[in-house]
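See structure below.
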Amino acid sequence: MDKAITVKVVELIGSPLCISSDDGQKVFDKLKELLSAGKNVVISFERVDMLISLFLNVAIGQLYGSFSEDEVKARVEVIGLSEEDMVLLKRVIDNAKRYFANSKSYDEAWLSEEDEDEH
Amino acid sequence: MRFPVGTVYSDFNGFSAVAKLAQETSKLVWDSAELDFGRCKFFDANMSAPLYVVVTRLRDELNEVSIQNLPVQIEEILRKNCFLEVLNLRQMQDTNHTTLPFKIFKTHAVEQFYDYLKQYVPDKGASIMSKMLNKRFFQSILEVFSNAFVHSESVSGVFVCGQFFPKKHKLNFTIADAGVGIREKVRRFTGLRMSSCKAIEWALVEGHSTRNSQHPGGLGLKLIKDFINTNQGRLQIVSRFGFYEFSSKGQSVNKMPYDFPGTCVNIEINTHDQGSFSLVPALNGDSIF
């Protein structure tokens with residue numbers, strides 16, 4: 001990847017804990033700004049102590065609502081994640097692709113599940 | 001007024017007993033509520049969290065809440081886990097180091113909650129837990145905690161506590177809130193008049209989230225289920241009339257006879273699980289997208 005800019009997550013959010021949606025939003029805003037400016041991006045998770053799906057949904061999953069899958073694939077790279085956290089990120093990405101491809105259809109299967117036994 | 005508290009295990013009947021207490025006390029305002037433990041044969045320490053959902057509602061309505069006829073053994077449990085401290089009774093030192101104390105966390109206190117876990121989990125079986133199990137446990141608990149803040153609309157905060165059973169190699173951790181419940185959130189989001197049980201089932205589907213925003217969600221509970229399945233632990237979710245339980249043996253969802261005014265998630269893990277998390281497929285950072 002040429003002239004990629006590295007976003008150091010720990011330095012950006014000021015914490016090794018990637019566990020809140022607010023911090024995820026801060027990372028997303030920075031990524032969106034860079035990608036919108038035509039930059040390539042490396043997201044560094046070096047020195048992160050803890051990571052949960054909520055943070056990744058906001059920070060990275062949300063990219064698929066603003067950029068195409070091909071753009072993200074070509075211009076974003078992730079470093080510094082452990083193997084198991086990489087698996088978690090993969091789940092988040094697959095979920096995000098489904099969500100933005102077809103978010104309205106989630107509820108159709110439940111249309112027959114109305115229940116009037118509770119107030 | 002006096003309200004009897006029956007025997008409360010961390011199961012369908014135990015949660016129903018707490019929900020019954022919530023329903024019986026729901027109309028009480030500017031009064032006094034004496035929670036009578038005279039007939040209580042046992043009280044699982046982690047059930048302090050859902051019980052506090054009842055207490056906080058009573059206090060919101062300016063009721064005076066007190067405990068009566070507490071059997072000695074139960075008093076010891078509830079003193080050691082600091083639950084009785086919030087009811088102005090003295091704490092007792094936990095010399096066995098088996099309790100994760102009852103604590104109330106306010107909104108956005110997720111980093112403080114993480115510090116709490118780091119302080120209290122290591123001597124509750126974590127020393128024999130594999131590093132990976134420890135991490136997955138923390139991640140699961142943090143997912144639940146974050147979900148409670150994002151979804152519950154609880155103004156009273158989130159109530160947590162845990163109990164370690166060294167001989168059984170089990171660690172229980174419970175997170176409760178006095179929020180609107182899963183049913184209300186799912187009804188608002190889908191526009192469907194789902195029951196509490198159906199709403200819990202809906203929320204457990206991967207990708208389902210009631211968050212109205214630009215980003216996807218709905219992975220947290222599914223990840224926890226996967227973890228519990230591998231670990232051969234147990235997951236319980238109680239919200240309004242719904243009681244859901246999942247373990248490696250299967251899952252069930254049942255309607256409780258009473259309305260629990262909030263949501264409670266109880267995670268039980270097998271602390272002797274040594275290696276079930278090491279096998280992960282190789283992925284690299286530039287091909288993951």
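Chain identifiers are assigned alphabetically (A, B, ...) following the order of the sequence lines, protein sequences preceding nucleic acid strands; residue numbering begins at 1 within each chain. Everything quoted here is computed from the prediction, not taken from an experiment.
Open room surrounds CD on B/Q232; 12 or fewer heavy atoms of other groups in view lie less than 6.0 Å from it. Around the NZ atom of B/K225, the shell of radius 6.0 Å holds more than 12 heavy atoms that belong to other residues, nucleotides or ligands.
Taking the side chain as every heavy atom from C-beta outward, B/Y114 and A/M50 approach each other to under 4.5 Å. Contact annotation: the side chain of B/F145 never approaches that of A/I19 to less than 4.5 Å [non-hydrogen atoms, C-beta and beyond]. The shortest side-chain heavy-atom distance between B/D226 and A/R91 falls under the 4.5 Å cut-off. Contact annotation: the side chain of A/D85 approaches that of B/K135 to within less than 4.5 Å [non-hydrogen atoms, C-beta and beyond]. Between B/E111 and A/D23 the shortest side-chain heavy-atom distance falls below 4.5 Å. Side-chain contact check for A/I52 versus B/F138: every heavy-atom pair is 4.5 Å or farther apart.
Neither the backbone nor the side chain of A/S66 comes within less than 4.5 Å of any heavy atom of chain B. Interface remark: A/L63 contributes no atoms to any contact with chain B (heavy atom separation under 4.5 Å). Heavy atoms closer than 4.5 Å to chain A are found in both the backbone and the side chain of B/S196. Residue contact with chain B, scored on non-hydrogen atoms closer than 4.5 Å, involves the side chain of A/Y64 exclusively.
Distance CG/B/L221 to OG/A/S53: 9.0 Å, rounded to 0.5 Å.
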Are A/K73 and B/I288 close enough, and set up right, to give a side chain to side chain contact (heavy atoms under 4.5 Å, CB included), and what steps lead you there? CA-CA 8 Å; A/K73 192 187 288 249; B/I288 197 167; over 6 Å; no
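For A/V72 against B/F289, the heavy-atom pair with the smallest separation is CG1-CD2, 3.5 Å.
Under a 3.5 Å cut-off, the side chain of A/E84 and the backbone N or O of B/M132 do not form any donor-acceptor pair.
Residue with the most contacts toward chain B among A/L56, A/I43, A/L81, A/L51: A/L51 (heavy-atom pairs, distance under 4.5 Å).
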